[in-house]
Peer 1: 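This is the structure I want to talk about, given as structure tokens.
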Amino acid sequence: MSEFTPTESTLSDLLRRDPRAEWIARNRLHPLHSSVVSAGQGEVRGPSGLLRKNPHVIGFIGPNGIKRIDRANLSAAGLNGKKRAGEAKETQLPLHIVDNPDGYIMVVADMIGGRLTGHDKDILGLAHQLVGENKAAGKGSIAVVLVCFGESKETQFDLAGVDRLLHITGQEFEGFAPEARLSALMQVEAQYKPVNWLFPDSIHGGTDLACRLASRLGERPATQAWQVTASNTVSRGASGSRDISRETPRILMLMEECANAIEDTRHQVLDLAFDADAVETGDDYRLIDQGQIEVDSNAVPLAEAEFILSAGNGIHNWDQFHAVAAALRATEGASRVAVDDGFMPRSRQVGASGTWVTARVYLAVGISGAIQHMQGIGQCDKVVAINTDAGCDMVKRADLAVIEDSEAILDALLKLAQEHYLSKEQEKSDAA
Amino acid sequence: MPPKVNVVSLVSVGRHPQSGRSRRAEQDGRAVELGLKLSKKSLTVVHAGDSQEPVLRQYAGMGLDSLTVLPQAADGDALPVLVEFLKNSKAQVVLTGVRAESGESSGMLPYLLAEQLGWPLVPRVAEILTIKEGAAEVLLALPRGQRRSVIVSLPFIATVDNAAAEARQTAFGPGLRADLKVLNVESVTDDAMATWQISAAKPRPKRLKVVKAKTAADRMKAATAKPVGGGGKVMKNETAAEKAQAIFDLLLEEKVVR
Ligand SMILES: Cc1cc2nc3c(=O)[nH]c(=O)nc-3n(C[C@H](O)[C@H](O)[C@H](O)COP(=O)(O)OP(=O)(O)OC[C@H]3O[C@@H](n4cnc5c(N)ncnc54)[C@H](O)[C@@H]3O)c2cc1C
């Protein structure tokens, strides 16, 4: 309760209650009731001298935007004296400090699109559970280290529970580079001898890297682990139909929701010393990445698509819309109105009665954002709206909203996309 | 495709997800299918386990003349016998499923094979495009239906993803008539597994969305208010070209336009 600590607020900011006045205000039969209630407002008399009540000033707007009438009058300015001044002050979470750790737990994150996933955060939470158990068992303090490769756009490492950060960057670790990443992990292993290695058991590369590390180190890992303590691990086996309980191994691949993410502490996020240049990046790598290849974006199931261009009632030029989707290599989606009007097939409908999509980027053109549609895009990371109405719900939800006629924007986007891919092609043919 | 690549597909006993009965494993079936596509003549299908297992006939019914079995007890470790077998074979491409449907289902076997044989491993293959001059071009199945092309030198091990071509139907009669070559190998028991406790899977608790609100008004708000994104950027007065550029920059930054 920060408002009662004298160091943080002056006496005049203090919330002062007058219990007697409150009691009188609650009791409408009290002889002093009317004077107490109208203390703040002052009485208003009409032209004929009659006492008047202004019905419009009664009540206040509640948190949902609904008007509320406070019959007990607890919030009247006259009663509560002063308003709390520093109420909206953001609470600062306590900082979890690890100095001179005796050991490290390495969490190798997927970092899809350069940000921590929910899965990564759960694993960081689990790592802190293990740290707590180790501490209780008197094994000294352990720091949780996040190991990540490539580009990072994450800004909230501190809130996710990262004590130390080991960010390994370099051209050779980009894209599909399991061999280079494995050599880096082997060097981390040699340098820090971590207490545990935690990986997400995911198709985004976590399982692959973990299996490579485990087989290189010759240790038997636990895969699909979902209940982990410092001593015992329960993992799924036989395609999810059996639970295997065993002593906790050093290398763990964890399922989603294996623990709760960190919520109420901040962490230091100190950089851990690591020399990425010293990693023995042999020339004998036998996997050569040729890059991602283009797939027919409309053949990708809508529920899985990464980038969706979605059309609503605000689209009037459908040929242009299809051209833009093709140029951007986006999967097409639609609102129910566009489907009902026959412009798009039913299988393209996004929303409560259509498909629930998981796109990383959802570009909504001329969609108002009805709740049935919003339910379908709940899991999307970035929403971009193009709409003529600045007040619609889609604009409120969007990370980037553009108020403009859809045709003009799509036209400009089409040009940009075509230029972009043309210059790419040019580069390729120049290089070849 | 050059006529001669020696392909070995490793198969295991699957488990039907609903009935729990043994069946041809989904991904192993695809591994055989991919092997048949690469070279029907020089494909060897290998199983380490019980040679009496009726499921093996389902694999054989995909049009195989023979199937090799390395006999192992139920608690046996398939790894050492397979390493020994592959060392002595002329295999250039070894195909397996990503994860077995029975046993530990750890998916470690292909990695351990690769490590012990010193071969490269390509995970989650959707297709093998070409094999020539000691290297193969393979397509990896990435999440969200994406594909990545990778060149790998022979010999290599590949795990076959569910995105690969579906296994063909199996024919009962030819399956029964196929030749089972049972090799004479030692059975190696898996000691670590003996210390584990294995039970039927307990349902995992669903995570509830707990609202951490200090006041009743906050709780009411969390329960009723529409989810609103945290203050996005709104562009109103710029020109259409500038607005489109802003959108395109976001698409580039998120790497959805490459
Ligand atoms: C039981 C039930 C289930 C439903 N399920 C779904 C569902 O699964 N999915 C779904 O989508 N809907 C569903 N709906 C329908 C939903 O309630 C809305 O009616 C629908 O989503 C609205 O679609 P819209 O946003 O495309 O159209 P509108 O609400 O008409 O919005 C059009 C938008 O385009 C803008 N616009 C107009 N002209 C232009 C222009 N030239 N340039 C740019 N912007 C322009 C307008 O400002 C407006 O915001 C369901 C409804 C019910 C009752």
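Chain naming here is simple, since letters A, B, ... match the order of the sequence lines and numbering starts at 1 in each. From a predicted model like this one, the values you see are computed outputs, not experimental measurements.
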Peer 1: With rounding to the nearest 0.5 Å, note down the distance linking CG in B:L154 to CZ in A:R286.
Peer 2: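 Those atoms lie 11.5 Å apart.
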Peer 1: Give the member of B:V122, B:L251, B:L252 that has the highest number of heavy-atom pairs under 4.5 Å with chain A.
Peer 2: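 When all of B:V122, B:L251, B:L252 are compared, B:L251 has the most.
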Peer 1: I'd like to know if A:R220 and B:E104 make a salt bridge, using a cut-off of under 4.0 Å between side-chain N and carboxylate O.
Peer 2: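 Answer for the salt bridge query: yes.
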Peer 1: Considering only heavy atoms and a distance below 4.5 Å, find which of B:R147, B:R204, B:K255 pairs most often with chain A.
Peer 2: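 The residue among B:R147, B:R204, B:K255 with the greatest pair count is B:R204.
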Peer 1: Could you tell me which portion of A:D264 (side chain, backbone, both or neither) has an atom closer than 4.5 angstrom to a non-hydrogen atom of chain B?
Peer 2: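 Only the side chain of A:D264 comes within 4.5 Å of chain B.
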Peer 1: Nearest 0.5 Å, what's the CD1-CE distance between A:I403 and B:M235?
Peer 2: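 A:I403 CD1 to B:M235 CE: 10.5 Å, rounded to 0.5 Å.
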Peer 1: At a 4.5 Å cut-off on heavy atoms, which part of A:E256 comes close to chain B: side chain, backbone, both, or neither?
Peer 2: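 For A:E256, backbone heavy atoms alone lie under 4.5 Å from chain B.
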Peer 1: With a 4.5 Å heavy-atom cut-off, do A:E306 and B:E254 have their side chains touching?
Peer 2: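 They are not in contact (no side-chain heavy atoms under 4.5 Å apart), so the answer is no.
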Peer 1: Counting only heavy atoms closer than 4.5 Å, note whether A:D201 contacts chain B via side chain, backbone, both or neither.
Peer 2: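 It is the side chain, since no backbone atom gets that close.
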Peer 1: For each of B:R15, B:Q116, B:K202, B:E115, tally heavy-atom pairs with chain A at distances under 4.5 Å, and name the one with the top tally.
Peer 2: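 Between B:R15, B:Q116, B:K202, B:E115, the count favours B:E115.
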Peer 1: Sort A:A417 into side chain, backbone, both or neither according to what part of it lies under 4.5 angstrom from a heavy atom of chain B.
Peer 2: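 Contact with chain B involves both backbone and side-chain atoms of A:A417.
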Peer 1: With a 4.5 angstrom heavy-atom cut-off, is it the side chain or the backbone of A:E247 that approaches chain B, or both, or neither?
Peer 2: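 Neither the backbone nor the side chain of A:E247 comes within 4.5 Å of chain B.
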Peer 1: Between B:V152, B:I151, B:V150, which is the residue that forms a side-chain contact (heavy atoms from CB on, under 4.5 Å) with A:I288?
Peer 2: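 Testing each of B:V152, B:I151, B:V150 against A:I288, the sole residue satisfying side-chain contact (heavy atoms from CB on, under 4.5 Å) is B:I151.
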Peer 1: Just so I know, are the side chains of A:L416 and B:Q245 near enough to count as touching, which here means a heavy-atom distance under 4.5 Å?
Peer 2: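 A side-chain contact under 4.5 Å exists here.
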Peer 1: For chain A, which of B:S106, B:G145, B:S153 has the most heavy-atom pairs under 4.5 Å?
Peer 2: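 Between B:S106, B:G145, B:S153, the count favours B:S106.
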Peer 1: Is there a side-chain contact between A:H420 and B:F248, using heavy atoms and a 4.5 Å cut-off?
Peer 2: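 In short, these two side chains touch, coming nearer than 4.5 Å.
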Peer 1: So which part of A:I386 gets closer than 4.5 Å to some heavy atom of chain B, the side chain, the backbone, both or neither?
Peer 2: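 Only the side chain of A:I386 comes within 4.5 Å of chain B.
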Peer 1: Rounded to the nearest 0.5 Å, how far does OG of B:S149 lie from CG of A:D289?
Peer 2: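 It is 8.0 Å, given to the nearest 0.5 Å.
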Peer 1: Out of B:V98, B:V257, B:L112, return the one with the most heavy atom pairs under 4.5 angstrom to chain A.
Peer 2: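 Heavy-atom pairs under 4.5 Å are most numerous for B:V257.
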Peer 1: For the interface with chain B, which of A:S297, A:S245, A:A210, A:A408 has the highest count of heavy-atom pairs at distances below 4.5 Å?
Peer 2: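 Looking at each of A:S297, A:S245, A:A210, A:A408 in turn, A:S245 comes out on top.
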Peer 1: Using non-hydrogen atoms only, which part of A:D122 is less than 4.5 Å away from chain B: side chain, backbone, both, or neither?
Peer 2: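 Side chain only.
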Peer 1: Tell me, side chain or backbone of A:P301 under 4.5 Å from chain B's heavy atoms, or both, or neither?
Peer 2: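 When you check distances to chain B, no heavy atom of A:P301 falls under 4.5 Å.
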Peer 1: Looking only at heavy atoms and a cut-off of under 4.5 Å, which of A:A222, A:S241, A:G237 has the most pairs with chain B?
Peer 2: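 The option with the most such pairs is A:S241.
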Peer 1: Out of curiosity, A:D208 CG to B:R124 CZ, how far, rounded to the nearest 0.5 Å?
Peer 2: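 Answer for the CG-CZ pair, A:D208 versus B:R124, is 9.0 Å.
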Peer 1: Could you tell me which portion of A:A385 (side chain, backbone, both or neither) has an atom closer than 4.5 angstrom to a non-hydrogen atom of chain B?
Peer 2: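 A:A385 has no heavy atom closer than 4.5 Å to chain B.
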Peer 1: Let me confirm one number: the CG-CD1 distance from B:L139 to A:I293, rounded to the nearest 0.5 Å.
Peer 2: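 Reported to 0.5 Å precision, the distance equals 4.5 Å.
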Peer 1: Got A:T207 and B:R99 here, is their nearest side-chain heavy-atom distance under 4.5 Å?
Peer 2: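 Answer yes - side chains close enough.
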Peer 1: Chain A: which of B:S102, B:P123, B:S199 shares the most heavy-atom pairs with it under 4.5 Å?
Peer 2: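 If we count pairs closer than 4.5 Å to chain A, B:S199 comes out on top.
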Peer 1: Can you tell which part of A:R236 gets under 4.5 Å to a heavy atom of chain B, answering side chain, backbone, both or neither?
Peer 2: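 Both backbone and side chain.
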Peer 1: Looking at CH2 of B:W196 and CG of A:D243, how far apart are the two atoms once the value is rounded to the nearest 0.5 Å?
Peer 2: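 So the CH2 of B:W196 and the CG of A:D243 are separated by 13.0 Å.
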Peer 1: Under the side chain to side chain contact (heavy atoms under 4.5 Å, CB included) rule, what do B:R144 and A:T358 come out as? Steps first, then yes or no, please.
Peer 2: CA-CA 9 Å; B:R144 298 181 180 277; A:T358 57; 3.4 Å; yes
Peer 1: Check whether A:K153 gets within reach of chain B through its side chain, its backbone, both or neither, counting any heavy atom under 4.5 Å.
Peer 2: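 Just its side chain gets close to chain B.
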Peer 1: Does the side chain of B:M108 come within less than 4.5 Å of A:S215's, by heavy atoms?
Peer 2: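 Touching, per the 4.5 Å side-chain cut-off.
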